[in-house]
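For reference, the structure is listed below as structure tokens.
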Amino acid sequence: MSTTRYRFRTRWWLPADQRTVFAALTDLADYPRWWPDVRSVRHLDEDAADVRVRSTLPFTLALVLRRREQDERTGRLVVRIGGDLCGVLRAEVVPDGLGTRVDFGQEVEVASRLLRVLSPWLRPALRLNHAAMTRRGRRGLARRLAGDRSGHPRDACR
């Protein structure tokens, strides 16, 4: 695999029903309220949004997310990713015991000029950064689904 291509697999388990989890995952405008790494979301049209994310590393990714498939009945989501990363994100949202399991698959290539140059040296750090970001996302969504409407997780420190 090229040093600028990444494949991520992530599994979340959330203590809420499938319909509630699916609705939360498809409501991009709400992401900044529960996912600290999602800094802003600006809808471009019914199926696309400009999203800014920043995790542990000191750079912000500018992404354009475009919905390709959204089927609540099957729990399937497919999103094309453009901008600083290009590729696809697939998610399967399925009932699992007393909650819901979400299996994410992401295949992207770095498009940002700076990250393409740095990727061969930063690859392990970029993978760790992604893992930290997804952990914070799962924790934030679990809090949100549990009814914590107190605001963004960062707000407690202000």
Side-chain angles (χ1 to χ4, degrees), residues 1-57 59-112 115-116 119 122-146 153:
M1 182 175 273
S2 160
T3 59
T4 60
R5 291 180 190 252
Y6 292 83
R7 180 176 292 152
F8 301 103
R9 300 283 179 254
T10 306
R11 177 171 283 174
W12 291 0
W13 186 87
L14 296 156
D17 65 87
Q18 177 191 16
R19 174 177 265 177
T20 301
V21 172
F22 193 89
L25 290 175
T26 57
D27 183 7
L28 278 179
D30 197 44
Y31 275 41
R33 290 184 185 93
W34 56 264
W35 196 333
D37 301 290
V38 178
R39 302 307 172 100
S40 68
V41 175
R42 183 176 57 89
H43 282 278
L44 301 173
D45 61 39
E46 185 177 293
D47 292 318
D50 177 68
V51 178
R52 303 298 163 132
V53 296
R54 182 175 179 145
S55 188
T56 307
L57 295 177
F59 53 82
T60 300
L61 294 176
L63 305 173
V64 175
L65 304 182
R66 182 165 299 281
R67 177 180 36 222
R68 288 293 179 226
E69 185 177 344
Q70 180 176 321
D71 186 343
E72 182 181 349
R73 187 183 55 75
T74 63
R76 185 168 161 77
L77 296 167
V78 179
V79 176
R80 295 290 306 166
I81 303 168
D84 289 337
L85 302 176
C86 294
V88 66
L89 172 98
R90 291 179 178 84
E92 186 176 317
V93 183
V94 296
D96 185 9
L98 297 175
T100 299
R101 185 183 78 237
V102 184
D103 290 313
F104 294 98
Q106 186 176 356
E107 295 178 25
V108 294
E109 183 162 8
V110 176
S112 158
L115 288 180
R116 286 184 72 77
S119 191
L122 290 180
R123 190 171 182 81
L126 293 172
R127 294 189 71 75
L128 287 170
N129 193 63
H130 182 271
M133 180 180 169
T134 58
R135 277 193 305 276
R136 286 188 293 271
R138 190 204 56 77
R139 285 194 305 260
L141 183 53
R143 278 192 300 270
R144 189 74 163 171
L145 296 173

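Predicted model only: the values in this text are computed from it and were never measured.
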Self-check item: Side-chain heavy atoms of F22 within contact of Q70, under 4.5 Å
Solution: yes
Quiz item: Hey, does the side chain of T100 reach the backbone of L14 with a donor-acceptor pair shorter than 3.5 angstrom?
Solution: no
Practice problem: Calculate, to the nearest 0.5 Å, the distance between atoms NE2 and CG belonging to H43 and L65 respectively. | Solution: 10.0 Å
Quiz prompt | Residue pair V38 / V41: nearest heavy atoms and the distance that separates them | solution = CG1-CG2, 3.9 Å
Quiz item: G83 and A111: which non-hydrogen atoms are nearest, and at how many Å?
Solution: O-CB, 3.2 Å
Quiz item: What distance separates W34 CH2 from R143 CZ, expressed to the nearest 0.5 Å?
Solution: 10.5 Å
Quiz item: Parallel, tilted or perpendicular: which fits the ring planes of F8 and H130, with parallel below 30° and perpendicular above 60°?
Solution: parallel
Quiz item: Does D84 have any side chain to side chain donor-acceptor pair (under 3.5 Å) partners at least two apart in sequence or in another chain, and if so, which?
Solution: none
Quiz item: Donor-acceptor pair, N129 side chain versus T56 backbone, under 3.5 Å?
Solution: yes
Practice problem: Locate the shortest heavy-atom distance separating G75 from Q18; write the atom from each residue and the value. | Solution: CA-NE2, 3.7 Å
Practice problem: Check A24 against Y31 and note the closest heavy-atom contact, atom names and distance. | Solution: O-CE1, 3.6 Å
Quiz item: Considering the options V53, V110, V64, which one meets the side-chain contact (heavy atoms from CB on, under 4.5 Å) requirement together with L85?
Solution: V110
Quiz item: Heavy atoms, side chains only, cut-off 4.5 Å: are R68 and V88 in contact?
Solution: no
Practice problem: To the nearest 0.5 angstrom, please state how far the CG atom of L122 sits from the CG atom of L128. | Solution: 11.0 Å
Self-check item: Sub-4.5 Å side-chain heavy-atom contact between R67 and E46
Solution: yes
Quiz item: What closest approach, in Å, do R136 and S55 show between heavy atoms, and which atom pair accounts for it?
Solution: NH2-OG, 2.6 Å
Quiz item: What distance do R123 atom CZ and T4 atom OG1 have between them, rounded to the nearest 0.5 Å?
Solution: 8.0 Å
Quiz item: Does atom CZ of R19 have more than 12 heavy-atom neighbours, drawn from other residues, nucleotides or ligands, at distances under 6.0 Å?
Solution: no
Self-check item: Between CZ on residue R54 and CZ on residue F59, distance to nearest 0.5 Å
Solution: 9.0 Å
Self-check item: Over 12 non-hydrogen atoms of neighbours within 6.0 angstrom of CZ in R73
Solution: no
Exercise. Would you mind checking if R116 and E109 are paired as a salt bridge, meaning a charged N to carboxylate O distance below 4.0 Å?
Key: yes
Quiz prompt | Point-to-point distance, once rounded to the nearest 0.5 Å, from CG of L115 to CG of L61 | solution = 6.0 Å
Practice problem: Show your working on side-chain contact (heavy atoms from CB on, under 4.5 Å) between D30 and R144 and close with a plain yes or no. | Solution: CA-CA 10 Å; D30 197 44; R144 189 74 163 171; 2.9 Å; yes
Quiz prompt | Note: D47-R66 ion pair, threshold 4.0 Å (strictly below) | solution = no
Self-check item: Heavy-atom side-chain proximity of R138 to M133 below 4.5 angstrom
Solution: no
Quiz item: Where do W12 and L141 come nearest, in terms of heavy atoms and distance?
Solution: CZ3-CD2, 3.9 Å
